[in-house]
Amino acid sequence: MADLLLEVSGVSKGFPGVQALADMHLDLRRGEVLALVGENGAGKSTLMKLLSGIHSPDTGFFRFDGQPYFPRNPRHAQSSGISIIHQEFNLMPDLTVAQNLFIGREPRLGGVLLSERALNRTAAALVERLGLPLNVRALVGGLTVAQQQMVEIAKALSYDARVLIMDEPTAALNDAEVATLHDLIRRYVADGSGVIYISHRMDELKAISNRITVIRDGRYVDTLDTPATSVREVVSLMVGRTIDAEAKPVGVRHDRDVVLSVRGLSTKPLLREVSFDLHRGEILGFAGLMGAGRTEVARALVGADRKSAGVVVMNGRPVSIRTPADAARRRIGYLSEDRKHLGLLVDQTVEENIALPALGERFSTLGFVNGRAARAEAQQQVARLGVRTPSVRQTTRNLSGGNQQKVVIAKWLAKDCDVLIFDEPTRGIDVGAKEEIYALLNELAGQGKSIIMISSELPEVLRMSHRVVVMAGGRVSGVLGHDEATQESVMHLATARHPAPTPVVPLSKSVTPKVGSR
Amino acid sequence: MTILDKKPDGPDPVGRTTVMRAPTGWAGTAMDQLQQLLAFASLIAIVLYFSWASPTFMTYYNITNILFSTVVIGLLALGTTFVIITSGIDLSIGTGMALCAVMSGVFVINLGLPVPLGVLLAILFGGLIGLVNGVNVAVLGLPPFIATLAMMLVAQGLALVISDSAPIYFTDAPSYRKISTGELLGVDFPNAVLVLILAVIVSAVILGWTVLGRYTYSIGSNEEATALSGINVRGWKIAIYTLAGLFTGLAGVMISARLGSAQPATGAGYELQAIAAVVIGGTSLAGGKGTISGTVIGALIISVLNNGLQLLSIPQEWQNVILGLVILVAVYADMFRKQRA
């Protein structure tokens, strides 16, 4: 057992009304990347909270480096050598990289004054030792998501962490950035440290992990050796049923009317002459690297951002869409990628959220809210989409990510839109819920609704899209039919005329990463 | 109540039980109700204390006084509750009230318009002030604090300019005072209190039952998500500020009717008392949360405190200190309760 770095043994934890973890087991070996997978609500975040000392277990124990480990609080966990990088970063956007890295332990002159120079020097040394392409004087708010993540990692490693737990580290990264991150992880574990890697992206788990621990409903299911395991096997262990990983787009036809035409759409900061057509009953995928301008197309289209040029034609007639309210009137709905901040009113109930877009036209009479109609519609949508919530009066904050996403979808189904723009519809949600959302998209398209699906997950784009619009650097670099679209053809267009998204600095003479360069 | 009597559109097991609840705009959720219970208990405690400490507190004359002052603070607080729930603020309601009182004097006395018409125009003038605030905030994108601070100064100045810095007396229109002191519903029930009760009911209905009320909460909880849901946020914000302005106009009519004159130099300071009433009532300055019942209790607490401290001959300076402490305690209790929940 000498190669065990961290051991979780028989750990249980209950909250009022929920048994979050029951008899959980987990072994992290020295020098390995252990993937931890499970559907949302399987108990991953509870386990993380126990390991970081936010809660303490009801039963069971942890053993770290052979010693019993009882974290009292996150600071104690950190000083013991266990660092956690949460999905949502804890960074101060108006401070520099160096200031963020050493917040709370800044080098001082004579114990009082801050020494910016010493701070920058220490930070630069840290960043260089880790081989990260970061300017320590840059403001964190101006960095890409990938770079901010690097700052988080550098911060965690600066505490000399022996175990790094990463929650969905790649949720907002493109493929090149993921490769950079994986490279960093491999170098980190080389000296005998360990990483627990929580992710929903199966292809990534195959690429980075040594073993995969599957948990379900708060219980340990199995641990598999990654090389000997298929994605399908992991997924079926997670959800307790088999899932078709080779699904193809359904209902593709080429004889449909054009519902929406966009011509020469431009915005001041990014978009240049974006043009495309959307057909009735079509799922039009938007692929591209982070920052290619996909979300910006959607926001400009619905009037959330200002257009500097461009025409939108709906059903043959040019229309003016200057605000999202105009778009909603034309029956165009935009489901933002940022559920918590832009998609939902998290402090309001499921019912209030679902009723919101159509409140004026469907759920009110002479300005008075028709609460009964709204509730009936909310209950119907909740049942139809299988939203797991105790009641429609539940505050949406308390739902899991997948169920929150379903509420966002329900909002727009209640509005009965003709064109629905889904921006990252499955980001951060588990495999089972993903399949349900895919099925729903296909069903909506089958009913004649036109769907734009923006996604950073290539497999998702390929399995869902009737056609794929590929963007690069604020332009449309190509449109592919579903039979032409492959990982290679899409990536080729996505990187056309477009510099590498993240500059990669050589790590050392012996290891030169190929990732990120094209 | 006709909306409730409609036939159900489908199976609605939850609906049948929840229809019995008061609308959220009146009393809010169970947690809000706890806060209101605390605020209400404090109100009772204050009343009991003053009754014990001052022999004149529980007299008819004094209770009437308290109610009359609650009318003014209450009307201002009701309107500003809407604005604060959108996470905005309205600083112009105090001097705006004085300007509306002056305008009422101009309409009724200087122009000799019939009293009902003059009153209506004065209230609409308040709406106009709110409309300008709304446009400044929603269309020009000024922070509400700044936009309404500017309006506060403008209103204060205009009230003095229009009235030539002199009070306008309503002696030539004896019926004007009746708006406040008349007793339409019989003895011992001044019209001013009736107006306040009607205003409370109307605002509770708007906040709890109408689309406007629902959007008020939505905008306050997440303005951008509301806009992306296809709601015309600008238009509704203008409507909300205009509504607050109408309440300001009504408050201007009620205070001038009570005094029998429009006093152009008063008004400043009322906005802070009204905001304090709203906050004591549990409405969050961060937006998205708030109730009319809370605001009513808050307004009563403020006017009872003002009155009682005066009866005990506590100097004005110390009255302000005590009021400030009350606000701190109320907001702290609210935050403490939310953290534990």
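Residue numbering restarts at 1 for every chain, and letters A, B, ... go by the order of the sequence lines. Note that the coordinates shown come from a computational prediction; the quantities given were computed from them, not determined experimentally. Just so it is clear, the values below take in all heavy atoms, side chains as well, and ignore hydrogens, waters and symmetry mates.
Salt-bridge formation is detected for the pair R299(A)/E224(B): a Lys NZ or Arg NE/NH1/NH2 atom is positioned less than 4.0 Å from an Asp or Glu carboxylate oxygen.
With a 4.5 Å cut-off on non-hydrogen atoms, I332(A) does not touch chain B at all.
With values rounded to the nearest 0.5 angstrom, S221(B) atom OG is found 10.0 Å from R397(A) atom CZ. Here the straight-line distance linking atom CD of Q348(A) with atom OG1 of T226(B) works out to 7.5 Å at 0.5 Å rounding.
Surrounding CG of L140(B) are more than 12 heavy atoms belonging to other residues, nucleotides or ligands, all under 6.0 Å away. With a 6.0 Å radius and a threshold of 12 heavy atoms from other residues, nucleotides or ligands, R384(A) has its CZ atom above the threshold.
Applying the side chain to side chain donor-acceptor pair (under 3.5 Å) definition to pairs two or more places apart or across chains, those involving residues 408-417 of chain A are E361(A)-K415(A), K411(A)-S229(B), D416(A)-K449(A).
Note: L344(A) leads D326(A), V302(A), L344(A) in heavy-atom pairs under 4.5 Å with chain B. Ranked by heavy-atom pairs under 4.5 Å with chain B, the list G343(A), A328(A), G367(A) is led by G367(A).
Residues forming a ring-ring contact (aromatic ring centres under 6.0 Å, His included) with H55(A) (at least two apart in sequence, or on another chain): F15(A).
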Side chain to side chain contact (heavy atoms under 4.5 Å, CB included) evaluation trace for L359(A) with Y215(B): CA-CA 9 Å; L359(A) 191 65; Y215(B) 290 159; 3.6 Å; yes

Should L345(A) and Y217(B) be marked as a side chain to side chain contact (heavy atoms under 4.5 Å, CB included) after you check the CA-CA gap, both sets of side-chain angles, and the distance that decides it? CA-CA 10 Å; L345(A) 309 173; Y217(B) 285 111; over 6 Å; no

Step by step, work out the side chain to side chain contact (heavy atoms under 4.5 Å, CB included) result for L356(A) and I231(B). CA-CA 8 Å; L356(A) 183 62; I231(B) 310 304; 4.2 Å; yes

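Heavy atoms only, all atoms of each residue included: A304(A) and L228(B) are closest at CB-CD2, 3.7 Å.
Between the side chain of N222(B) and the main chain of V346(A), no donor-acceptor pair closer than 3.5 Å is present.
Here the side chains of T210(B) and F368(A) are in contact, with some heavy-atom distance below 4.5 Å.
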